[in-house]
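Everything numeric in this text was worked out from a predicted model, so none of it was measured. All residue numbers in this chain count up from 1 along the given sequence.
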Amino acid sequence: MEVIGKLRLVAGLLVCSALLASGDYSVGEYGEDLETSAITRQYSVMDEDGNVCMTLSLAANITVPFRYEESENHTEVNVTTKRTFSLPSTDYSSTNASACPNQTAGNSGVFNLTFGTYGRMGVVLGVYVSGEGKDANWTVDLLQVLVDYSDPEFFNQSESGVNGTVLFTATEGDISSSNSNGYSCGSEQTISLEPTELDFGNATLVYSDLKFDPFNTESFTDCVPAQKPNRIVPIAVGAALAGLLLLVLVAYIINRSSNKRRGYEKV
């Protein structure tokens, strides 16, 4: 899986490069689309026959680090901060660089959402398949975010501190399913992404209302969010033990005092 992950990384870069070379992407003014409050968006991928073969819907915010210069006491200093943006609608994005997987062991596919002024902003999900037919299992073995720091709709180039695009790759996350089902997760999840370059921090992807269906079966397996440990039971047990210890101590003191009085009376 490690070798496959590296191959998927190279494939993602090649897909992005091919997309930039072909110019096959949507451009335009975002207007109200460029918001930090995530809205659930729905995307789909078509096969060669024009049929929907893969779908993705989610509400997502991407937070990326950037650096700008600020004058302080007549001295230019670098200030590192973060910028958050949500994914755009289909009017301002494209999935044309995607490729649907099939239900064959060892097969793979890629969901590639591109957007931005020059089509150099993007989200890539690589899918690896194991099993056959209805028993096919799949997992997202690659999750990347491509950020174009020269895009004027997201950054002021004179203050972004970076010239060009930077690829961020997820270091965690578990998006997978079995029996050819899609994956569904309504709760909010946060994924950290490490940059291939830059030295001032990771990006984060925060998503909710996720439904990813790489085979377009329209049936889903729900995620099981990690449950917070129940602290009530250990606190109650601890309090009960403390109370019991106190009762034993009081009984011991009373008993000892009583024995002393009886000793004095005998004397």
Side-chain angles (χ1 to χ4, degrees), residues 1-27 41-58 60 62 87-90 92-116 118-148 165 167-170 173-184 191 193 196 205 207 210-220:
M1 289 298 291
E2 182 178 355
V3 174
I4 293 173
K6 291 180 179 178
L7 292 175
R8 307 291 290 155
L9 172 62
V10 175
L13 291 172
L14 290 176
V15 168
C16 292
S17 300
L19 179 66
L20 300 181
S22 66
D24 188 10
Y25 49 78
S26 299
V27 296
R41 307 292 192 186
Q42 297 180 345
Y43 309 98
S44 60
V45 178
M46 303 287 187
D47 61 18
E48 295 179 353
D49 298 324
N51 299 316
V52 175
C53 57
M54 179 164 50
T55 61
L56 171 69
S57 65
L58 78 167
I62 299 172
L87 295 180
S89 68
T90 54
Y92 302 102
S93 61
S94 171
T95 59
N96 292 343
S98 304
C100 293
N102 59 52
Q103 294 159 295
T104 305
N107 187 253
S108 60
V110 59
F111 183 95
N112 195 333
L113 177 70
T114 55
F115 53 96
Y118 313 113
R120 295 197 295 248
M121 304 284 284
V123 176
V124 178
L125 284 78
V127 180
Y128 179 78
V129 182
S130 61
E132 300 283 342
K134 294 182 179 180
D135 296 325
N137 303 327
W138 62 267
T139 184
V140 171
D141 63 345
L142 178 69
L143 175 55
Q144 296 177 322
V145 172
L146 186 67
V147 179
D148 181 11
T165 58
L167 190 66
F168 293 85
T169 302
D174 181 17
I175 300 176
S176 60
S177 189
S178 58
N179 300 323
S180 297
N181 289 331
Y183 176 87
S184 175
I191 294 178
L193 305 111
T196 52
L205 171 65
Y207 67 84
L210 172 67
K211 284 190 174 182
F212 184 43
D213 194 359
F215 303 131
N216 194 32
T217 60
E218 298 183 357
S219 58
F220 296 89

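The two residues Met54 and Ala99 have their closest heavy-atom pair at CE-O, 3.9 Å. Of all heavy-atom pairs spanning Pro101 and Val129, the tightest one is CB-CG2, 4.0 Å.
Taking a 6.0 Å sphere around CD of Gln42, one finds it holds 12 or fewer heavy atoms contributed by other residues, nucleotides or ligands.
Every residue two or more places apart in sequence or in another chain that forms a side chain to side chain contact (heavy atoms under 4.5 Å, CB included) with Ser178 is listed here: Asn137. With sequence neighbours left out, Thr55 forms a side chain to side chain donor-acceptor pair (under 3.5 Å) with no residue at all. Residues passing the ring pair (Phe, Tyr, Trp, His ring centres under 6.0 Å) test with Phe111: none are found, sequence neighbours excluded. Here Ala60 pairs with Leu58, Leu87, Leu205, Tyr207 under the side chain to side chain contact (heavy atoms under 4.5 Å, CB included) rule; sequence neighbours left out. For Ser176, the side chain to side chain contact (heavy atoms under 4.5 Å, CB included) partners at least two apart in sequence or on another chain are Thr139, Asp174. Shown here are the side chain to side chain donor-acceptor pair (under 3.5 Å) partners of Asn102, two or more places apart in sequence or in another chain: Thr104.
One finds the CZ atom of Phe168 at 15.0 Å from the CD1 atom of Ile191 (value rounded to the nearest 0.5 Å). Arg41 CZ to Tyr92 OH: the interatomic distance, rounded to the nearest 0.5 Å, is 10.0 Å. Distance check: Asp47 CG to Ser98 OG gives 12.5 Å after rounding to the nearest 0.5 Å. Note that OH of Tyr43 and OG of Ser94 are 11.5 Å apart. Values are rounded to the nearest 0.5 Å. Atom CG of Leu142 and atom OG of Ser108 lie 10.5 Å apart (nearest 0.5 Å). Summarising the geometry, atom SG belonging to Cys53 is positioned 11.0 Å from atom CZ belonging to Phe215; distances are rounded to the nearest 0.5 Å.
Side-chain contact check for Ser219 and Asn181: at least one donor-acceptor pair (N or O, by modelled atom type) lies under 3.5 Å.
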Check: Does the pair Val147 and Met121 meet the rule for a side chain to side chain contact (heavy atoms under 4.5 Å, CB included), with working shown?
Finding: CA-CA 5 Å; Val147 179; Met121 304 284 284; 4.3 Å; yes
Next item on the list: Starting from the C-alpha separation in whole Å, work towards a yes-or-no answer on side chain to side chain contact (heavy atoms under 4.5 Å, CB included) for Asn112 and Val124.
Entry: CA-CA 5 Å; Asn112 195 333; Val124 178; 3.8 Å; yes
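Side chain of Glu132 to main chain of Ala105: a donor-acceptor pair is present (N/O by atom type, distance under 3.5 Å, no hydrogens or angles). A distance-only check finds a donor-acceptor pair linking the side chain of Asn216 to the backbone of Val52 [under 3.5 Å]. Of the possible polar contacts, one joining the Thr217 side chain to the Ser180 backbone as a donor-acceptor pair under 3.5 Å is found.
Contact of the Asp213 side chain with the Tyr183 side chain is not registered, since no non-hydrogen atoms from C-beta on lie closer than 4.5 Å. Residues Val123 and Ile62 form a side-chain contact, since some pair of their non-hydrogen atoms from C-beta on lies under 4.5 Å apart. Contact of the Leu146 side chain with the Phe115 side chain is not registered, since no non-hydrogen atoms from C-beta on lie closer than 4.5 Å.
Under the side chain to side chain contact (heavy atoms under 4.5 Å, CB included) test applied with Val45, the options Leu113, Val110, Thr95 reduce to a single match, Thr95.
In this structure, Lys211 satisfies the cation-pi test against Phe220, with its NZ or CZ atom closer than 6.0 Å to the six-membered ring centre and inside 45 degrees of the ring normal.
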